[in-house]
Trainee: 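Following this message is one structure expressed as structure tokens.
Order of appearance sets the numbers: ligands from 1, and atoms from 1 within every ligand.
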Amino acid sequence: MAIGRHLYPMRYAVAAFCVLAATLLTRIFGASFADDSRLVQHVQTLFLVAVVVSAWWGGLGPGLMATALSTVLIEQVVIRSAGQTPWGVESLLRIGSFVLVSLLINSLYASRQQAETNLRERARLAEFTAATGRALARGDTATAALKECLGVILDRLDARAASLWVPETGDGGEWRLLSSVRADASGDGASGDGASGDGGSESPPLPPPTDPRAMATGDGGAATQRVYSLSMGEHPVGLLAVTSAPEAAEQTRQAVESVVHEIALALDRWQIEQARREQAESLALALRTAESASRAKSEFVASVSHEVRTPLNGILGMTGLLLETSLAPEQRRYAETVRQSGENLLTLIEDVLDFARIEAGKLEPSAERFDLGTLVEQVVQLLAPAAQQKGLALQVRLSPNAPRWLVGDAPRIRQILTNLVGNAVKFTHEGEVLLHVTGAVTGPQTADLIMAVQDTGIGIADDQLARIFDKFTQADSSTTRRYGGTGLGLAICRQLTELLGGTLRVSSRPGVGSRFEVKLRLPLASPPEPDAAAEARAVDLEGVRVLVADGNRVTRTILREQLASWGMRVACHARGANALSALTKGASSGDPFRIAFLDVNLTDVDAATFASAVRADPGLAPTSLVLLAPLHQARQAAKVAAAGYRATVTKPVCPSQLQDTLLHALQSAAARDAGGGAPAAAPPPPPRTDARSAPHSAAAAAEDDLRLPDRASEPKGRVLVVEDNRINQEVSHTILTRFGCQVDVASDGREALDRIAERRYDVILLDCQMPGMDGFETAREIRRQESFRPGVPDALVGFSLISRVPIIAMTADLAEGVREQCMAAGMDEYLPKPVSPARLREEVARFLP
Ligand code: ADP
């Protein structure tokens, strides 16, 4: 095989030699070919063998050449037979020319061979580059891609080891091993490590790369390590060290240098990824820290609020009790101030707590069906006393287009509106405050609501407008002194509105007034059940002629809009005289007014005189008179109403009250017509607002608190007050004793259980937070003992409801879920502290036998 390889480049010469050898053999074994055709055949066979040997060994070229040569020789030497020229000379000439031709062909072949080798080498390089590119693109992360790329270098270039180094953070010029691979002992495949640099037991530690500027180093002849500098422009991003066998070093260098840029790019990507990961980690850490700080803050605020509420319960409770005693006017004023300040403090705590909850993201808006009309009425009824005390007209205008039933967080919407209307009342000295609610159905399922609170108050300067929604910010420094407040209300309103997905905007002019506008998009809800009665009422009012006499333009607009929305025919007048002549004219034309609303404060005519005039005219008998009077003039209005008014509607006029009054007036007129009885001044129907669901009004509470204690001689029941705070024990004890209960006090759960073992109680008031055995544990223990009371037959265990003592939780902890916790522990009611005397009596009374 070795000889064959050496001869191969001269295969044409070898082919020629084969043919000549065949000729020579012919000459030696045959004297003449002239007449011997068999001999010619033998010679031809011999040449054929030479051709076949040449073609088999040398390939197509030498084969063809041998064929041509054989043909000529057979022609010249064998068939024609030698004679004219000596065959030896002719043969030598022919051999010489064939040798020359053969050499020429051979050199051509050699250069082709070189080109082929180059091409193969280039293809190998291209394949390596492509494989590297694929490896770099394949990895999910830059780290994985780089590792895969090292594997390709190892596999494709037959390298012994490859490693990647990145600059150490800091300017020490140190390098850190990022990834390395190393051909294992058996020489197939690769092993490597992540970034440890030691490579594990199968991969002995790689030597750290030498100075990249040296570029090439040896390791004693057994292998050559070359270090390549990887950079992005001027910026070095890493080093690549490749170790290979010395004979392959040059090829490896060429190959690696062709992919150095791609590897640098991937390394750059890795560094960006790394920086991003580090940034994300530090952000996550910062977020965790912030969240835990915020949690700690909310917990702190909640516990502070709890701690403040407990003494506040004492202050408000004691002041309430003090106000129930007979006091000199000056003393009463002082006590009132104490109570007012206590209530302000309570509002502040509630605001701060709300704010902390919103900021901690703990406030989840609820989504329940609610009646927009009722919600709006609750807000104005809560603030009407404060407005009327200042002589302000508080008006509510609920657009007939506004959908009534919606889905949303009604308590939060009420809180926003109460805050805005409260501010409007606070910052307005004369004129009016209007709560104007409009709405439009925007789709099959949703409606847009605009709730605007407009006042004619002090207004806000332009430069203050943007700031008033910031927490603890007031328009100017004199505000606190003059009006009190904390500057938290609007910040809470805005945050709540945004929480509900809406917007809160303000426009204002100093000295003219302000307008705060809440916009919400809410889902529509269907009414709870088909309200047949309401439909009947709407039909009843259709076409009924009604007159309104009121000096206030806004009141007239609101009433006109509301009454017309029920299909009534409305006429409005600002003066009583005009109203009276309109009534007379209507009666004489045969189309009398069935109802006439008259404001108690008309300037040109006294309401009682007006009623007498109407009653004196028999033509006006079908007209029912209804008096319009502000809430604070209720007593005076009652006297006037006796002069001939069928009902009184209190201002601010709420749609539900208006509708009830109309219905009532029309029905009693119809009854009178049917029975022929004399007109009687009927009492106005009570407002529809549910007292339990309405927010507790401070004024109402004050009135309740001043109610005289019930000193019935018979005790109303026996109550156990379980409370650790001595002052609060006294407050509850006094309130309930005055209410007519027999009261025992226990300072903690254990003591309470002892008392319960001694005697039966009708109600237990249980504080939740107490040292030792707390309220929850005590309640659970009481319920457990009730279920397993000795003497109760087994069949009744768990059904001993007859002996179940009602437990009312009293707690200053208003955190979410505490009520549920109380109920789960077996308590029956939950009262947040501070509890007003009236509320406490009311709740206890509910459970007394
Ligand atoms: P507070 O009322 O407790 O001071 P708010 O956040 O409710 O706090 O209001 C912030 C400030 O915005 C008020 O102090 C007041 O200066 C201004 N402001 C709010 N509402 C009105 C209003 N209707 N008219 C004039 N100024 C107002």
Trainee: Which one holds for Q464 and ligand 1: side chain close, backbone close, both close, or neither close, with close meaning a heavy atom under 4.0 Å?
Mentor: neither

Trainee: Do S399 and T438 pair up side chain to side chain, a donor and an acceptor below 3.5 Å, judged on atom types alone?
Mentor: no

Trainee: Which is it for E842 and R846 under the salt bridge (charged side-chain N to carboxylate O under 4.0 Å, His left out) test, yes or no, and what are the steps along the way?
Mentor: CA-CA 6 Å; E842 193 183 302; R846 272 206 314 131; over 6 Å; no

Trainee: Mind checking whether A424 has a heavy atom under 4.0 Å from ligand 1?
Mentor: yes

Trainee: N/O to N/O below 3.5 Å, does that happen between L490 and ligand 1?
Mentor: yes

Trainee: Please classify the F469 to ligand 1 contact at 4.0 Å (heavy-atom distances, strictly less than): side chain, backbone, both or neither.
Mentor: neither

Trainee: Could you tell me whether L488 approaches ligand 1 through its side chain, its backbone, both or neither, with non-hydrogen atoms closer than 4.0 Å?
Mentor: backbone

Trainee: Please list, chain by chain and in numerical order, all residues satisfying side chain to side chain donor-acceptor pair (under 3.5 Å) with S366, sequence neighbours excluded.
Mentor: D409

Trainee: Among K651, R575, R553, R556, which one satisfies salt bridge (Lys or Arg N to Asp or Glu O under 4.0 Å) with D599?
Mentor: K651

Trainee: Around atom CD1 of I727, are there more than 12 heavy atoms from other residues, nucleotides or ligands closer than 6.0 Å?
Mentor: no

Trainee: Can you list the ligand 1 atoms lying under 4.0 Å from a non-hydrogen atom of I468?
Mentor: 12 (O)

Trainee: Would you check, one step at a time, whether the test side chain to side chain contact (heavy atoms under 4.5 Å, CB included) holds for L765 with L840?
Mentor: CA-CA 10 Å; L765 281 176; L840 185 57; 3.8 Å; yes

Trainee: Compute the shortest N/O to N/O distance between F427 and ligand 1 and return yes if it is under 3.5 Å, no if not.
Mentor: no

Trainee: Ignoring angles and geometry beyond distance, decide whether N423 reaches within less than 3.5 Å of ligand 1 through its nitrogen or oxygen atoms.
Mentor: yes

